[in-house]
Number of protein chains: 2
Amino acid sequence: MTKRNLTAPRKLVYDIVLQADDHPTAADIIDRLKARGQSVAYATVYNSLRYLTEEGLIHELKLEGKTSRYDGRGEDHAHIVCVSCGKVDEVMTPPPAEWLSKVAEESGYLLTEEQFIFKGECPACRISKQKN
Amino acid sequence: MTKRNLTAPRKLVYDIVLQADDHPTAADIIDRLKARGQSVAYATVYNSLRYLTEEGLIHELKLEGKTSRYDGRGEDHAHIVCVSCGKVDEVMTPPPAEWLSKVAEESGYLLTEEQFIFKGECPACRISKQKN
DNA sequence: ATATAAATTTAAACTAAATCTAAATTTAAA
DNA sequence: TTTAAATTTAGATTTAGTTTAAATTTATAT
Ligand SMILES: [Mn+2]
Ligand SMILES: [Mn+2]
Ligand SMILES: [Zn+2]
Ligand SMILES: [Zn+2]
């Protein structure tokens, strides 16, 4: 019965994710820890992110590319990625429950989680493109 | 103006993806080519998959784990992954257009694409769990 | 308090997936 | 036919993340 705790290094990682507003990668988190002079071993950052994700304290996002991003936001929400500048914004409008139950019925699955990723061009990029 | 063609090796890769019904990975595709005696270099398979994806002939899926999967299905659709056996099923019920336009409005983005991933327990796994 | 066991951290080696390089080859254009 | 552009190839390289095994910290039992 492996016991698992929110230890000091895990708390450091957790704090970085909570304070971030930009869905940081593991590398981002390591950089920010270093910038604060809080030295945590490379592998410990990954261990901590895995722990925090498994405990449901944070969420792992697989958006573009191979690198995971982390999200400390509690409320369920989707994401939208700008295809031209890479920015990741929140999408707070929830999917209609009626659609979700239709999907559950169609698939026969017992749904436990969803990850919705939108892609498009962000307002800033749309404007700068018009100028050209 | 780089010209890009559906060359012979690219066609071989394309055929594998079209014929597959299981969202194969690059490694799966290499194995299947080998099994057919069609030798295509490692890097060429990746080049081909990138080409086919950029041309919109196939779709790249980032589901669980780090490895991309490929989908030759033309119609827009979502996916559902079994959290206990890893199977990937299709979800053909489309999201309500009304939700999509609300998301476009909320975010200010010009939407170009969506990737919806559901997670849950598949019918087979639910049954085998009941037996225990 | 002390001893013991379990959990966690650490640095470094390792792995897997994908990209990059530069030379060889094929295909298209002039 | 000559030249240029695109593509393929084998192998090296990169990147993100995991694994290993030893050292350390924390928890539990006496
Ligand atoms: Mn978010
Ligand atoms: Mn599919
Ligand atoms: Zn943008
Ligand atoms: Zn299953």
Side-chain angles (χ1 to χ4, degrees), chain A residues 1-17 20 22-34 36-55 57-71 81 86 88 115, chain B residues 1-17 20 22-34 36-55 57-71 81 86 88 115:
Chain A
M1 306 301 102
T2 55
K3 184 164 293 183
R4 323 188 74 210
N5 297 304
L6 183 53
T7 59
R10 285 170 184 173
K11 187 74 172 49
L12 291 180
V13 172
Y14 189 28
D15 286 344
I16 297 285
V17 177
D22 63 341
H23 307 94
T25 63
D28 292 335
I29 292 163
I30 290 168
D31 289 346
R32 289 170 203 187
L33 285 169
K34 228 176 250 161
R36 291 188 180 188
Q38 294 162 334
S39 138
V40 176
Y42 182 76
T44 302
V45 172
Y46 279 98
N47 286 344
S48 300
L49 289 169
R50 186 148 27 81
Y51 162 84
L52 294 165
T53 300
E54 285 170 358
E55 296 294 307
L57 296 171
I58 64 176
H59 291 280
E60 184 182 12
L61 308 180
K62 300 268 177 66
L63 305 174
E64 293 296 279
K66 46 212 140 203
T67 72
S68 288
R69 294 174 165 274
Y70 297 88
D71 192 331
V81 184
V88 178
Q115 237 199 25
Chain B
M1 304 300 100
T2 56
K3 185 164 293 181
R4 321 188 74 209
N5 297 305
L6 183 53
T7 58
R10 286 172 183 172
K11 188 73 172 53
L12 292 180
V13 171
Y14 189 28
D15 287 345
I16 297 284
V17 176
D22 63 343
H23 306 95
T25 64
D28 292 335
I29 292 163
I30 289 167
D31 289 347
R32 290 170 202 186
L33 284 168
K34 227 176 250 161
R36 290 188 180 186
Q38 294 162 333
S39 140
V40 177
Y42 182 76
T44 302
V45 173
Y46 279 98
N47 285 344
S48 299
L49 289 169
R50 186 148 29 82
Y51 162 84
L52 293 165
T53 300
E54 284 169 358
E55 295 295 307
L57 296 170
I58 65 176
H59 290 279
E60 183 180 13
L61 307 180
K62 299 267 175 68
L63 305 174
E64 293 296 279
K66 45 213 138 204
T67 71
S68 288
R69 294 176 164 275
Y70 296 88
D71 191 330
V81 184
V88 178
Q115 239 200 24

Map B:S48 and A:E60 onto DNA chain D by nearest heavy atom, then report which one ends up closer to the 5' terminus. B:S48

Can you check whether B:L6's main-chain N or O pairs, donor with acceptor, with B:Y51's side chain at less than 3.5 Å? yes

Considering only heavy side-chain atoms of A:A43, the closest of C:dA11, C:dT8, C:dA18 is C:dA11

How close or far is atom P of D:dA6 from atom CZ of B:R50, stated in whole angstroms? 15 Å

Side-chain touch A:R36/A:I16, heavy atoms, less than 4.5 angstrom: yes

Are A:T7 and C:dT9 close enough that a side-chain N or O sits under 4.0 Å from OP1 or OP2? yes

Measure from CG on A:L33 to P on C:dT10 and round the result to the nearest Å. 11 Å

If you look at every strand shown and take non-hydrogen atoms under 4.0 Å, does B:S68 touch a base, only sugar-phosphate, or nothing? sugar-phosphate

Report the residue from B:E54, B:H59, B:E55 that forms a side chain to side chain contact (heavy atoms under 4.5 Å, CB included) with B:L57. B:E55

Kindly indicate whether the side chain of A:Y70, heavy atoms from C-beta on, has any atom under 4.5 Å from the side chain of A:E60. yes

What distance do A:R69 atom CZ and A:I58 atom CD1 have between them, rounded to the nearest 0.5 Å? 13.5 Å

Tell me what A:T44 touches on the nucleic acid: a base, only sugar-phosphate, or nothing, going by heavy atoms under 4.0 Å. base

Distance, rounded to the nearest Å, where A:Q38 contributes CD and C:dT10 contributes P: 12 Å

One pair to check against side chain to side chain contact (heavy atoms under 4.5 Å, CB included): B:S39 and B:K34. What are the steps and the verdict? CA-CA 6 Å; B:S39 140; B:K34 227 176 250 161; over 6 Å; no

B:Y51 atom OH is separated from D:dA6 atom P, nearest whole Å, by 13 Å

For a quick check, tell me whether the side chain of A:Y42 and the base of D:dG17 share a donor-acceptor pair closer than 3.5 Å. yes

Can you figure out which of C:dT9, C:dT8, D:dT8 approaches the side chain of A:N5 most closely? C:dT8

Interatomic distance where NZ belongs to B:K11 and P belongs to D:dT7 [whole Å]: 17 Å

Can you identify which nucleotide, out of D:dT9, C:dT9, D:dT7, has its nearest atom closest to the A:R10 side chain? C:dT9

Watson-Crick and G-U pairing of DNA chain C written in dot-bracket, each distance under 3.5 angstrom, with | for inter-strand partners: ||||||||||||||||||||||||||||||

Check: B:R10 side chain, B:L52 main-chain N or O, donor-acceptor pair, under 3.5 Å: no

Take atom CZ of A:R69 and atom P of D:dT15, then tell me their distance rounded to the nearest Å. 16 Å

Using atom CD1 of B:I29 as one end and atom P of C:dA17 as the other, report the distance to the nearest whole Å. 13 Å

In whole angstrom, what separates A:N47's CG from C:dA11's P? 13 Å

For D:dT18 and A:Y46 - does any side-chain N or O of the residue sit under 4.0 Å from the phosphate oxygens OP1/OP2? no

The side chain of A:A41 lies closest to which of these nucleotides: D:dA10, D:dT7, C:dT10? C:dT10

Side chains of A:R50 and A:N47: closer than 4.5 Å at any heavy-atom pair? yes

Of B:K66 and B:P9, the one whose closest nucleotide on DNA chain D sits nearer the 5' end is B:P9

